[in-house]
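Throughout, protein chains are lettered first and strands after them, A, B, ... in sequence-line order, and every chain is numbered starting at 1.
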Amino acid sequence: MGGKDRFTRSQLHKNDDKKGVERMGTTMDKVVSLAKNRGFIFPGSEIYGGLANTWDYGPLGVELKNNVKKAWWKKFVQESPYNVGLDAAILMNPKTWEASGHLTNFNDPMIDCKKCKSRFRADKLIESNIPADQIPGPVDGLDFQTMQQLIEEHKIKCPECGAHDFTPIRQFNLMFKTYQGVTESKKDEIYLRPETAQGIFVNFKNVQRAMRKKIPFGIGQVGKSFRNEITPGNFTFRTREFEQLELEFFCKPGTEKEWFQYWRTFGFDWLKSLNIKEENLRLRDHEQEELPHYSDATTDMEYLFPFGWGELSSLSSRTDYDLRRHMEISGQDLQYIDQNANERFIPYVIEPSLGADRVTLAFLTDAYEEEKIDEKDSRTVLRFHPALAPYKACVLPLSKKLGKEARDIYGKLASHWMVDYDETGSIGKRYRRQDEIGTPFCITYDFDSKDDGKVTVRDRDTMDQIRLPIEELSDYLSEKITF
RNA sequence: GCGGGUGUAGUUUAGUGGUAAAACAAGAGCCUUCCAAGCUCUGGUCGUGGGUUCGAUUCCCAUCACCCGCUCCA
């Protein structure tokens with residue numbers, strides 16, 4: 001619906017020129033189009049004309065995303081000697097957001113120039129136009145009235161057109177509000193969580209005690225978060241409802257730098273181990289002035305999307321900011337007691353979190369390839385790591401007459417993995433269909449199979465075929481798929 | 001929210017003041033013994049509502065949605 005202009009090439013070029021980024025081969029509109037056609041990602045609420053920037057994961061998309069989440073959980077929780085899991089509620093006591101700073105810092109003061117209609121952040125405007133010594137305190141701590149006064153007193157001009165004719169400052173709250181209980185009265189106002197991290201922090205003591213964890217240890221959680229972004233966009237890259245792969249790692253103050261390095265490498269290796277192309281990845285350390293208020297070091301892991309470099313993860317060293325704030329607001333003691341050293345301290349936190357939808361999109365984009373086979377033949381193929389592929393295999397009878405036997409094989413494999421079955425069209429066409437959804441193996445049952453008990457296994461990437469006894473299929477696939 | 005643009009089949013695109021076309025994709029059938037073969041059949045109240053008109057998908061208005069830019073971010 002109305003997708004005609006979505007990521008057209010001219011717009012991409014415009015975007016690319018601006019960011020000085022070029023990514024040959026894959027364009028976003030092709031990925032979006034394949035995603036919709038093949039059941040990966042559909043526009044949300046489409047029959048009602050859609051709802052801005054909502055996307056629904058289709059049958060293949062949910063497999064892909066679930067596989068991403070599983071692969072993350074496996075490496076960050078299951079196989080980690082340090083970490084345990086959690087699934088906290090989306091709705092939390094509003095005091096949580098007072099402690100986390102979201103109630104104050106998620107309120108962006110926006111101001112519009114009435115003359116040229118440009119929009120600015122009032123705090124940035126003040127920062128860049130008024131000498132620091134004439135500003136009463138840090139800019140992000142000022143209330144709106146003070147900001148308004150400063151802009152008036154210093155006759156700040158619009159950076160675009162030079163006029164001094166601004167609208168009043170308006171507040172953009174990035175948190176989704178809702179109401180607990182059936183009456184919409186003010187006191188029942190609560191928020192959908194803008195990050196999963198706080199669910200972990202408020203459970204720090206519970207988890208530590210219940211699991212008898214010693215520092216250092218981490219708590220991982222996968223879940224949805226909600227932010228009223230002013231400008232979402234770029235397909236599933238920035239949406240108002242999104243899923244996070246969150247890990248909060250608690251360590252002793254003084255050891256945070258080495259753990260920062262540890263998780264920095266760990267996260268990067270995780271992506272590489274799932275076959276993401278290294279040339280499309282980069283780590284970007286934040287400059288001091290770029291750092292968020294809660295962090296003393298931050299490194300973004302970025303992926304080169306067709307629309308430019310985009311942040312997949314923000315590894316951040318959060319000091320004791322979060323637990324300290326929760327101690328202040330809740331009045332509870334969240335200090336860790338080290339019995340051996342007879343010490344008591346607020347742990348420092350390293351947060352190597354990823355955006356689940358972003359990582360999924362990166363894997364999808366990275367896997368996409370239009371391969372030229374010869375002069376007049378080409379194919380579209382998604383080269384997913386087998387652990388991420390929605391279907392691990394597809395069973396194909398060479399002829400419909402062999403359907404019964406092929407279905408038996410399908411049934412056996414389906415008890416282990418997501419497996420597809422297809423008997424329509426020529427064998428070549430069916431291979432191409434599976435290439436396009438990234439199925440790593442196609443298993444063809446032919447006229448000899450009944451006699452020799454063997455089938456052909458065709459590899460997605462090399463298109464090579466081997467012949468294998470039917471009873472060895474499970475072991476063969478199992479070995480290839482393991483992550 | 002502001003500014004600009006766009007809405008025709010699953011996708012990409014034609015087209016017209018007299019109720020729409022192509023390619024690819026999809027489904028059914030015939031055929032087909034390992035890499036997109038072929039043949040036959042199947043699809044749309046032209047985003048929604050209103051107006052102008054004998055008549056609108058085409059003109060006008062509104063509305064909704066999407067895309068691009070700005071501010072934001074995992």
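Residue-level contact check: A:Ser378 touches the bases, meaning some heavy atom is under 4.0 Å from a base atom. No engagement by A:Glu243 is indicated, since no non-hydrogen atom pair under 4.0 Å with the nucleic acid exists. Within the nucleic acid shown, A:Thr239 comes within 4.0 Å of at least one base atom, counting heavy atoms only. A:Arg433 comes within 4.0 angstrom of sugar-phosphate atoms only, judged by non-hydrogen atoms across all strands, and of no base.
Straight-line distance from the CG atom of A:Asn228 to the P atom of B:A74: 16 Å, rounded to whole Å. One can place NZ of A:Lys69 at 15 Å from C1' of B:A74, the figure rounded to the nearest angstrom. In this structure, CD of A:Glu370 is placed 17 Å from P of B:A36, rounded to the nearest angstrom. Atom CG of A:Leu34 and atom C1' of B:U12 are 14 Å apart (whole Å). Look at CZ on A:Arg284: it is 11 Å from P on B:A74, rounded to the nearest Å. Taking atom CZ on A:Arg238 and atom P on B:C68, their separation rounds to 11 Å, with Å as the unit. To the nearest angstrom, P of B:C24 lies 22 Å from CZ of A:Arg379. Atom CE in A:Met463 sits roughly 9 Å away from atom P in B:C35 (whole-Å rounding).
Using cut-offs of 30° and 60° on the angle between ring planes, the pair A:Trp72 and A:Phe76 is parallel.
For the pair A:Asp435 and A:Arg383, the salt-bridge criterion is not met [side-chain N within less than 4.0 Å of a carboxylate O].
A gap of 14 Å separates the C1' atoms of B:G47 and B:A9, to the nearest Å. Between B:G29 and B:C67, the distance separating the two C1' atoms is 42 Å to the nearest Å. Between B:U11 and B:C34, the distance separating the two P atoms is 35 Å to the nearest Å.
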So what does the secondary structure string of RNA chain B come out as, 5' to 3', with Watson-Crick or wobble pairs under 3.5 angstrom, [ ] for crossing and | for pairs with another strand? (((((((..((((.......)))).(((((.......)))))....(((((.......))))))))))))....

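Residues A:Phe384 and A:Phe363 place their aromatic rings such that the two centres sit no closer than 6.0 Å.
RNA chain B is contacted by A:Gly355, A:Arg358 of residues 355-364 of chain A, taking any non-hydrogen atom closer than 4.0 Å.
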